[in-house]
Structure formats: C-alpha cells, structure tokens
Amino acid sequence: MSVRTRFAPSPTGYLHIGGARTALFNFLFARRHGGQYLLRIEDTDRQRSTPEAVRQIIESLDWLGLSPDEPPVFQSQREPRHAEVARELLAKGSAYLAYDTPEELAAMRAAAEAAKRPFKYDGSRWIGLDPAQAPSTPPAIRIKAPRLDERGGETVVKDLVQGEVRVGNAELDDMIILRSDGTPTYLHAVVVDDHDMAITHVIRGDDHLTNTFRQCMVYDAMGWHRPHFAHIPLIHGADGAKLSKRHGAVGALDFREQGFLPEAVCNYLLRLGWGHGDTEIISREAAIRIFDIADIGRAASRMDYAKLSHFNGVYLRATPDERLAREVLERLAKRGISFGTRGAERVEALMPELKARARDLEELAGAAIFAAQEGPPVMDQKAAAALTPEAKERLRDLAQFLTDAPWERAELEHWLRDYAEVKGLKLGAVAQPLRAALTGSLQSPPIDAVLAALGRTEAVDRILAAAEG
RNA sequence: GUCCCCAUCGUCUAGAGGCCUAGGACACCAGCCUUUCACGUUGGUAACACGGGUUCGAAUCCCGUUGGGGACGCCA
C-alpha cells in the first residue's frame with residue numbers, strides 16, 4: 001500500500017514554525033517512500049476559521065516548497081459524511097443519543113472539580129432510552145468508550161516516535177462525535193477524513209498524543225484499520241515555554257519577511273528534533289533520501305534564532321548572485337529606495353563580496369544600498385568622523401591618482417598598494433577614507449571590489465563629493 | 001488535580017552496555033588570515049538532572065525522585 005501522509009492545520013491563524021516542521025516531516029516521509037503528501041484544512045470551527053488564514057497557510061507552504069500533491073481537502077465540506085458515520089455508529093449500537101445541555105455538563109464538571117474528582121462523563125441514563133421518554137432538547141451523539149474490562153482494561157497505541165503508549169480504559173469516557181446541531185467534533189472528523197483519504201501515516205504534534213486514544217474509539221468501533229501514528233515533540237521558545245509571538249518571529253511568513261531563505265528554514269527545522277549523525281547542512285534531495293521517523297527525537301526542542309541565522313548565512317553564500325540580486329532589489333524597492341539599471345548591475349557585480357558578509361536578505365539589502373543608488377552615499381556617523389581634513393586631502397589626491405588607473409579589480413588593488421607604498425602609508429590609511437567616501441560606512445566589501453563595481457565616473461564623483469563635504 | 005510524554009554542553013544534537021578521556025554544530029572566548037567588516041581557519045570554556053538497582057562493566061537497561069512539557073470541551 002502506498003504511503004499517504006497529510007498535514008492538517010486549522011485555519012485559525014497563521015502557519016507557525018511548529019506547524020511548518022510538521023508539514024516538512026510529512027512531506028519528507030511521503031517522498032522518501034514514494035507516496036503522497038496531502039493537505040487538509042480543519043475548518044470545522046466556523047467561529048474561528050477564516051479564509052485569510054487558509055490563504056496564509058497555503059502561501060506559507062508554497063514558500064517553503066511544501067505544497068501538497070493533491071488539492072487541499074476542506075473538512076467543513078465533508079460534514080455530511082461525518083454525520084453519516086456517526087449515524088452508522090448509532091445504528092450499530094456503538095454510540096447513543098445524549099440529551100445533556102451544555103449547562104448541565106458545565107454543572108457536572110464544576111461539581112466534579114469541587115469534589116476534587118476527575119470529571120468523567122456518565123451517560124448510562126441515555127443508553128437504551130425509550131425514544132418516547134426522550135427530552136425535547138436536541139441530542140448529541142456520543143460514542144461508547146471501551147469498558148474497563150475490555151482490551152485487557154487498557155488501550156494501547158503503538159507510536160512510531162513515542163513507542164508503545166498505553167492508557168487505562170478508566171481514563172476514557174464517552175465522547176461526543178456529533179454535536180446537537182448536527183456538526184461533527186474534531187476528534188471524530190479527523191478519523192473519518194484520515195480513513196477516507198486513505199492516510200497511512202499520521203505524523204503530527206505531540207499535543208495530539210492523548211487524543212489518539214479517543215480517536216481509536218472511532219477506528220475500532222467502525223472496524224477500520226488504524227493508521228500508523230508518529231507524534232513529534234513540540235517546539236518551544238528560547239525560554240522553554242510554548243512558542244509565541246513574544247519569542248520573535250514564529251509565523252512562517254515572518255521569516256520570509258525578515259530575510260530568511262526557505263531552504264535554510266527547512267534545513268534548520270529538519271535538524272530540530274531530528275538528527276542524522278553529525279551532518280547539519282542537508283539539501284532537500286538528501287533529506288528525502290535519509291529521512292526516517294526512527295531518527296526523530298522524543299524530547300521537545302527550543303527555537304534558536306542564532307543557529308537559524310547561521311544556517312541562513314550558509315545557504316545565502318551558496319545561492320546564485322543573480323537570484324540574490326533580484327531578492328535584494330525587491331527589498332530595496334519595498335523600502336522606497338530608487339535605483340536604475342546601473343545600480344542593479346552594480347549590486348549583482350558586488351554580490352559575491354556582499355553575500356559573504358550577510359546572514360539574511362534584509363541585512364544584505366542594507367549593505368547593498370550604496371551600490372544601488374547613484375551619487376554620494378548617506379554617511380553613517382563613524383564614516384563621517386573618519387573624514388578628517390587630512391583624509392579629505394588624501395581623497396583629493398586619490399581622485400586625481402585614480403583618473404589614470406586601469407579599471408579592473410586586481411589592477412586597482414595593485415594601484416592602491418603602490419600608491420600607499422609611494423606615500424609611505426599603510427594600506428588601511430588609504431582604504432578607510434575611500435571606504436567612507438564610496439560606501440558611507442567603515443565596513444564594506446574590499447575597497448578594490450567596490451571601486452571596480454562602481455565604475456570610474458561614479459567612484460571619482462563620490463570621492464570628490466566626500467573631499468568637498 | 002488526574003492521565004500521558006520527556007530529560008547528554010547555554011541551544012540543536014551524536015551516542016542502540018565496553019569503541020566515551022562523552023563527538024559535531026550554533027553561540028561565546030582567544031589566535032591566525034586581512035585594506036575595514038565578514039567569510040575562512042586553529043584552539044579553548046562547557047553536558048550525561050539526582051538517587052537506587054541490574055551487570056565484570058551503564059550516558060545507554062529497570063525503579064523511584066526532581067524538573068519540564070502535553071492532554072483532560074457540544075475547540076481544533
């Protein structure tokens with residue numbers, strides 16, 4: 001049987017980094033085994049689900065290169081089928097109509113809490129009820145939990161990550177599968193959908209582990225084969241608490257915004273909670289080849305932005321200059337920075353040097369401004385301070401000197417070295433004023449590269465402007 | 001509170017009873033490279049939560065303790 005996995009987010013918000021990793025693992029596992037990877041939008045909570053969230057989730061997955069192999073399934077559209085299965089369970093005697101009102105249930109729960117007893121629903125009075133005696137309130141359908149003496153008194157789930165997990169039947173109670181308004185509950189809908197979609201491996205967050213026991217009630221009552229389960233540990237914030245906005249970026253699209261490359265984010269996520277010896281930088285292709293559920297760790301892991309940045313830098317340096325230039329120019333345009341064809345060319349020409357110095361696209365864009373724009377750069381404080389009267393004098397001299405220089409990077413380097421030697425100066429004493437004049441900063445790519453990329457006219461203009469200013 | 005899961009450097013991890021004087025990566029510190037900043041490179045600090053077993057031998061197996069996390073809805 002072909003492997004089929006699914007990622008099943010609920011569209012109540014943006015796709016966060018934990019969900020992205022779940023999607024990645026599902027994708028990788030399916031690819032590894034030549035199967036399909038699907039997307040199911042769990043939108044049965046109409047109050048909280050929004051089309052905007054659906055859009056964002058799909059866009060996020062697309063950005064990460066994790067688009068599903070088939071069109072997404074919307075759980076809300078499958079409600080008739082969920083109800084049908086619920087009725088089937090009713091007919092089989094595996095479920096019954098329960099007429100409790102939400103208020104009554106709340107009262108029962110409160111009473112249990114007051115008595116310091118764990119709340120366990122008891123619906124025995126509804127079982128075998130004469131329909132004529134039934135209350136007029138609309139009933140919910142509840143599935144019968146296994147009784148204490150069934151299955152050896154406990155329910156066992158063989159989890160591919162967590163191992164054999166067992167829970168006493170005493171912990172399970174009759175759960176609602178169809179609400180009194182006829183809509184299915186999540187725990188029920190998930191099972192029906194996974195079954196109908198022929199999902200073979202359910203890979204999802206750890207937070208669903210205990211719910212799995214309840215879902216098994218539906219599988220077992222319907223006589224369906226349970227899929228394989230793999231519950232992966234959650235991702236926490238740097239402080240170990242549940243990941244939230246205050247930890248920084250958590251939405252997948254936030255990372256795009258902040259200049260991370262999708263390949264880097266995926267690689268980082270892959271290494272969070274999963275390991276393969278000492279290898280860290282793993283391409284998508286390699287990941288598909290080596291990904292194995294058995295290698296998923298069982299402990300929760302923490303989000304480490306510093307390490308993500310490092311991964312991003314590695315990927316940035318491996319990305320073709322042309323693509324980076326395009327990304328950078330887009331970001332500059334978004335910042336309202338104008339540039340022409342010449343500027344765009346300069347940015348790309350300088351990209352090999354620029355990208356070695358950046359960890360993300362935003363940083364890269366910032367470092368490329370001086371190359372993109374025409375005319376003298378905006379001076380930062382340190383650069384301005386470096387332009388002493390002596391330095392300006394030096395620049396005037398250099399402008400003159402460079403008029404005759406051959407305009408090619410290696411040649412320029414020689415010229416500058418010769419110049420410094422003749423003047424009895426250290427190269428730094430020549431390079432730093434030039435750097436300030438040309439880039440507006442004291443930190444930039446090698447000055448010969450900057451000169452070469454800028455072109456003689458532009459370079460000399462900037463040098464003179466700094467000398468005058 | 002009840003149930004479930006987890007536990008190796010600050011962080012991500014390697015480790016399937018002897019290969020462990022516990023390895024790699026990020027971060028941090030120091031050196032090298034160098035026209036600045038990076039990149040690169042060399043080295044360093046730094047961990048098996050604790051207590052009992054089992055065993056000739058335990059980071060690895062078992063049991064407790066402690067500490068984290070998760071689930072307990074007519075939410076998903």
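As a basis for the values below, the full set of heavy atoms in this structure was taken, side chains included, without hydrogen atoms, waters or symmetry mates. Note on naming: letters A, B, ... go to the chains in the order of the sequence lines (proteins, then strands), and numbering restarts at 1 for each one.
For the P atoms, the distance linking B/C4 with B/U65 amounts to 13 Å, nearest Å. One P atom belongs to B/C6, the other to B/A47, and the distance between them is 26 Å to the nearest Å.
Under a 3.5 Å cut-off, the side chain of A/N26 and the backbone N or O of A/T5 do not form any donor-acceptor pair. Judged by distance alone, the side chain of A/D159 and the main-chain N or O of A/H231 form a donor-acceptor pair under 3.5 Å.
Ring centroid separation for the pair A/W415 and A/F401 comes in under the 6.0 Å cut-off. Not less than 6.0 angstrom separates the ring centroid of A/Y219 from the ring centroid of A/H195.
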Base versus backbone protein contacts along nucleotides 31-50 of chain B [heavy-atom cut-off under 4.0 Å; B, S, -]: ----BBBBSS----------
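The side chain of A/L187 sits closest to B/A76 out of B/G73, B/A76, B/A7. The listed nucleotides are B/A27, B/C5, B/A76; the one nearest the side chain of A/R48 is B/A76. Between B/C26, B/A7, B/A76, one nucleotide has an atom nearer to the side chain of A/D304 than all others, and that is B/C26.
Within a 6.0 Å sphere centred on CD of A/E84, other residues, nucleotides and ligands contribute more than 12 heavy atoms.
At the heavy-atom level, A/R298 lies under 4.0 Å from the strands shown only through sugar-phosphate atoms.
The shortest side-chain heavy-atom distance between A/L66 and A/R284 falls under the 4.5 Å cut-off.
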